Protein chains: 2
Amino acid sequence: MEFGEGRMARRKPSIYDVAKVAGVSHQTVSRVLNLHNNVSDPMRQKVLSAMADLEFRPNQTAKALATGKTSTIGVLSHNTTLFGPASMLHAVQNSARELGYTINIVSLKSIDHQSIVEGIEELVRVGVDGIVIIAPLAKGVGPLPHVSDYLPAVLVEGEPISAIPSLNFNQFSGAAMAVEHLIALGHKRIAHISGPKNWYEAQQRMNGWRNTLLKSGLKADLIVAGDWSPQSGYDAVKELMVLGKPTAIFAGNDGMALGALKALSELGISVPTQMSLVGFDNMPEAPFLVPGLSTVNQDLGALGNQCVNLLVKLINHEDTGDIQLAFEPVLIIRGSTARAESK
Amino acid sequence: MEFGEGRMARRKPSIYDVAKVAGVSHQTVSRVLNLHNNVSDPMRQKVLSAMADLEFRPNQTAKALATGKTSTIGVLSHNTTLFGPASMLHAVQNSARELGYTINIVSLKSIDHQSIVEGIEELVRVGVDGIVIIAPLAKGVGPLPHVSDYLPAVLVEGEPISAIPSLNFNQFSGAAMAVEHLIALGHKRIAHISGPKNWYEAQQRMNGWRNTLLKSGLKADLIVAGDWSPQSGYDAVKELMVLGKPTAIFAGNDGMALGALKALSELGISVPTQMSLVGFDNMPEAPFLVPGLSTVNQDLGALGNQCVNLLVKLINHEDTGDIQLAFEPVLIIRGSTARAESK
DNA sequence: GTCGGAATTGTTACCGGTAACATAAGGAAG
DNA sequence: CTTCCTTATGTTACCGGTAACAATTCCGAC
């Protein structure tokens, strides 16, 4: 009987109804609700039992209007189907709930300026207390700097902007680690399958790849752009084998690495003996590919957690200074990488 | 300049502020806001320009309080990291946004009675207009029947209950299709790696497997339960090979199939020549496994869409009768299934 | 010229809470 | 026995909108 009876019949009881039943003022009810201690025990009991009788549930909307705080955190995201964003979202939601916040999601169809502005507008209108922006955007961030003037916001996975606190894993160094690993194995021709060019993370991973190669005196010319999907990784390999003959491939994410693995298998190129392969993300499937995928791990759960904590501090006006945090990812070596064939 | 200036300085303007600037009553502002047609053109212009000057954004919270409608749909979900729930969530959010609704997510840590009640309580308190329950729960649904008395709700992926409209893909028939396919290929010993026993979908897929086998006079004794993860699929295969020697495996989802593939590879059992394998879900990775995974496809996007449409109808009191819809999934045959070896 | 109705604008009440202030009762200090 | 301060409770205003109703103007019809 937890949720009342009667087909949505009678109006939900308010604190006034409770007050009437308990024979007290509505303010006393409010005090009981908010655990004020200046309420005598008998009075509190009367109120509590009246609330129970009426199956009273406080109206969060009314509270939000009165206090100006909605206890809601807005999440501006893109494709919540992808592993990264999905993990972040999950982590953010968990952390937020623990802190008494509700999550309100707006997921954009595309990440152009227009959509972003609309998304933020929507969250402002809905009245969130703060915004977590899980956007991979690299530039065209025209409006973003102003968000923080209007509403607390933190940025994840996007290009750090001075005006907005941002949290990230260091994509550049993650990529560098992957490539250094390959170089240490003796590889000279190391290709890259990048993510979409307008994603900040894709750019950083690509930069890490290029920079590391150049630093070692190797050429960084074998590169094809994908869209994170296995399909694009598959296509990319077919393209790469025309462009030149790499002995190792650094894929921008695990999904594309998975597609690459398929293409290599079809081409009769065995991994890791003839081709080494590294991914990025360490998704749950990575250890179970054949061979197990060497990849770069980032603890997205921890990041999401940090992110919410920071945002809540901002909401409570605990000044935190200008924060641009970058965490370090970790390279995980599995079976997909091996010494380059010595010819 | 879209989002105001000054470090969260001045209070946000209300319709009264706009009214004062425009020299009209607040009600006229409200009328302009709601596109009422009984407003003269010059008046409307004055109001609009005042709104622009003040960078006015309507306060959704106040509107919600006044109208009793929050234009928010609550989503009660479980693990939004899994492919199924993540896809559903994404679809629901897209459809909802198109209909002018915002999404409020509560993702449960576990799916026991207690957590579910808490989750619903939270959504009620926050004040959503309706709830989409993406819960795999099979029973222990004590409180659920009463939700619909209190708030419109639809159930996805869960066991249909007469009191709540539910939308589902027919898991039973999906599983049956998969197993029939294997039987048609001449397999006699067909094992199943099931999902968690308390998930409705897992139960249905298992029932479909068992029923189809029995109908064909085959034994349904080779079964191991997993938890949807690749790891559990991997472990399950190792277990299965001890229990008996199947020639085909029907995995409860693609993730476990992926893990199974790995284990089979380690055991030197080649797919599909020595072992056929079918998954469920058709996640984006499925075609790119080696070999491509035969699996059961369900258009979760369409389901999410239907689901929101139905819920919105319920919210608007358009009576829809008792609805229990089941869509038919589609078997997709790829390289992981082949004729049983003729001994 | 007068009357009735439609179109436009304004007034007041209300949604369900919280906050600030007012009041009453009770106890310790002088 | 006052006086003052604390504690418990009630009153009133307010958050920012919408809804219902009142008031005014402008027309066409009689």
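So you know, we letter chains A, B, ... as the sequences are listed, proteins then strands, and number each from 1. Heavy-atom basis, side chains included; hydrogens, waters and symmetry copies ignored. This one's a predicted model, so the numbers in the text were calculated from it and none came from an experiment.
Picking from D:dA19, C:dG17, D:dG16 the nucleotide with the shortest atom distance to the side chain of A:Tyr16 gives C:dG17. Nearest nucleotide to the B:Ala62 side chain, out of C:dT9, D:dG16, D:dT18: D:dG16.
Contact between the side-chain N/O atoms of A:Thr28 and the OP1/OP2 oxygens of D:dG10 is found at a separation under 4.0 Å. Side-chain N/O atoms of A:Ser40 include none lying less than 4.0 angstrom from OP1 or OP2 on D:dT7. The phosphate of D:dC15 has neither OP1 nor OP2 within less than 4.0 Å of any side-chain N or O from B:Asn59. Residue A:Ser30 has a polar side-chain atom (N or O) positioned under 4.0 Å from OP1 or OP2 of C:dT18. Not one side-chain nitrogen or oxygen of A:Asn38 sits closer than 4.0 Å to the OP1 or OP2 atom of D:dT7.
Note: CD (B:Gln27) to P (D:dC21) measures 13 Å, nearest angstrom. Look at CG on B:Asn34: it is 11 Å from C1' on D:dA19, rounded to the nearest Å. Atom NZ in B:Lys63 sits about 20 Å away from atom C1' in C:dG17, given to the nearest Å. Between the CG atom of A:Asp17 and the C1' atom of C:dC15 there is a distance of 12 Å, rounded to whole Å. The CE-P distance, from A:Met43 to D:dA8, rounds to 11 Å in whole Å. Atom NZ in B:Lys12 sits about 10 Å away from atom P in D:dG17, given to the nearest Å. Taking atom CG of B:Leu65 as the reference point, atom C1' of D:dA19 lies 13 Å away to the nearest angstrom. In this entry the distance linking NE2 of B:His36 with C1' of D:dA20 reads 12 Å, nearest Å.
The base of C:dT12 lies close enough to the side chain of B:His26 for a donor and an acceptor atom to sit less than 3.5 Å apart. With hydrogens and angles left out, the side chain of A:Arg57 and the base of C:dG16 share no donor-acceptor pair within 3.5 Å.
For the pair A:Arg97 and B:Glu122, the salt-bridge criterion is met [side-chain N within less than 4.0 Å of a carboxylate O].
There is a side-chain donor-acceptor pair under 3.5 Å between B:Ser115 and B:Ser110.
Relative orientation of the A:Tyr16 and A:His26 rings is parallel, given thresholds of 30° and 60° on the angle between their planes.
DNA chain D is contacted by both A:Val24 and B:Ala66; A:Val24 maps to the nucleotide lying nearer its 5′ end (nearest heavy atom per residue).
Residue A:Lys69 places its NZ atom among more than 12 non-hydrogen atoms of other residues, nucleotides or ligands, all under 6.0 Å distant.
A 4.5 Å side-chain heavy-atom check between A:Leu108 and A:Ile116 finds at least one atom pair inside the cut-off.
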